[in-house]
Amino acid sequence: MEATTLKGGTQDGYEIILNDQAAMDAAFETLEKILDGLKTQMATSDKHITFDIITGNRLLTSAQRQRLENIFANYQLFSIHKVISNVITKEKAQRMKDLENVHILDRVIRNGQEVNVEGDVLFLGQIHQGGKLFVSGNIFVMGTVEGIVQAGFPNIESKFIIGDIKTAQQVRIGEQFEILDDSTRSKIKTNTVIYVNDYIH
């Protein structure tokens, strides 16, 4: 198999497959030859072409990605649409695992403290006024909230908060927020579900 293979040629662009069994130097050298040939074929065209780079079971290092970008920088009408790999970093794998879990949080968050959690949270502790709990997923409140809670941190508005938040200073879903005052608290019960711009009792 060639170190680098060109596929596609549709209106959506091309795919370039970097053979994960080949040496990277060979793959990049072949890539440059492919792009040179394509540039020659399209000498009379000013159409911009994008490429999906398929790396298979290989994750490019930062240096390899930089070299890839430098190669494409030599071709004015060619650009990288995205780089696709069958593998992911350990950090991304851990984040995906965290997002799928419900974390049980039983602690006190005091004034001035900020706690950030990836995924959903079952909150059993206490948030004092001025304390902040920012969660990327949903929040299930079974503790006491007198500070600020945010589900969908920083900007996901499809998440929700369930539980007793009538003593909270502020509740947020993504970038939307509600500052709770006496009139608002009168509408809230212990089984309230909060989502963007509404309440369900």
Side-chain angles (χ1 to χ4, degrees), residues 1-103 114-121 132-139 150-161 172-177 195-197:
M1 184 177 179
E2 295 288 340
T4 301
T5 307
L6 178 69
K7 291 181 63 177
T10 68
Q11 61 181 4
D12 296 324
Y14 290 82
E15 285 185 353
I16 289 177
I17 301 172
L18 303 181
N19 184 357
D20 55 21
Q21 301 300 311
M24 285 305 301
D25 284 344
F28 286 138
E29 288 172 6
T30 307
L31 171 62
E32 289 180 299
K33 292 178 182 177
I34 289 173
L35 295 179
D36 283 340
L38 196 57
K39 180 181 178 180
T40 300
Q41 292 177 26
M42 303 186 63
T44 59
S45 173
D46 59 357
K47 180 182 178 182
H48 186 270
I49 299 176
T50 61
F51 296 81
D52 289 344
I53 310 299
I54 315 295
T55 64
N57 294 323
R58 172 164 28 206
L59 196 64
L60 299 185
T61 65
S62 57
Q64 290 168 343
R65 289 185 70 99
Q66 185 60 57
R67 183 173 175 186
L68 183 65
E69 291 171 4
N70 289 343
I71 289 172
F72 273 87
N74 295 322
Y75 302 89
Q76 184 177 3
L77 297 178
F78 299 165
S79 65
I80 299 170
H81 175 229
K82 58 185 174 181
V83 178
I84 304 169
S85 173
N86 294 335
V87 293
I88 60 175
T89 63
K90 291 181 180 179
E91 291 78 9
K92 186 173 181 180
Q94 182 61 50
R95 186 170 186 273
M96 290 170 64
K97 182 174 181 290
D98 288 342
L99 290 172
E100 292 174 355
N101 292 336
V102 176
H103 302 276
E114 180 180 311
V115 175
N116 290 265
V117 183
E118 294 279 359
D120 296 340
V121 167
K132 301 175 182 179
L133 174 61
F134 296 151
V135 175
S136 66
N138 306 301
I139 303 176
Q150 179 173 354
F153 179 83
N155 56 10
I156 304 172
E157 297 184 350
S158 59
K159 303 302 180 180
F160 54 80
I161 300 172
R172 305 175 182 174
I173 306 292
E175 296 179 324
Q176 305 297 320
F177 67 92
Y195 58 98
V196 172
N197 294 331

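The figures here come from the full heavy-atom set of this structure, side chains too, leaving out hydrogens, waters and symmetry mates.
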Donor-acceptor pairs are to be reported for all side-chain atoms of residues 24-37 against protein atoms at under 3.5 Å, with residues two or more places apart or in another chain.
residue: D25; atom: OD1; partner: R67; partner atom: NH1; Å: 2.7
residue: T30; atom: OG1; partner: A26; partner atom: O; Å: 2.9
residue: D36; atom: OD1; partner: Y75; partner atom: OH; Å: 2.6

Residues which pass side chain to side chain contact (heavy atoms under 4.5 Å, CB included) with T61, listed by chain and number, not counting sequence neighbours: A63, Q64
Tell me if a side-chain donor or acceptor on Q150 pairs with a main-chain N or O of G174 at a distance below 3.5 Å. yes
Under a 3.5 Å distance rule, please check whether R58 uses its side chain to pair with a backbone N or O of N19 as donor and acceptor. yes
Please verify the inter-ring angle class for F153 with F134; under 30° counts as parallel, over 60° as perpendicular, anything in between as tilted. parallel
Taking only residues two or more places apart in sequence, or in another chain, which ones meet Q66 in a side-chain hydrogen bond (donor to acceptor under 3.5 Å, both in side chains)? N70
With the side chain counted from C-beta on, respond yes when [X] and [Y] share a heavy-atom pair under 4.5 Å apart, and no when they do not.
{"X": "I49", "Y": "M42", "result": "yes"}
{"X": "I173", "Y": "I161", "result": "yes"}
{"X": "V83", "Y": "R65", "result": "yes"}

Would you name the heavy atoms of A151 and N138 that are closest together and state the gap between them? CB-CA, 4.4 Å
Minimum heavy-atom separation for S136 and G119, please, with both atom names. OG-N, 2.7 Å
What is the distance from atom CZ of F78 to atom CD1 of I16, rounded to the nearest 0.5 Å? 8.5 Å
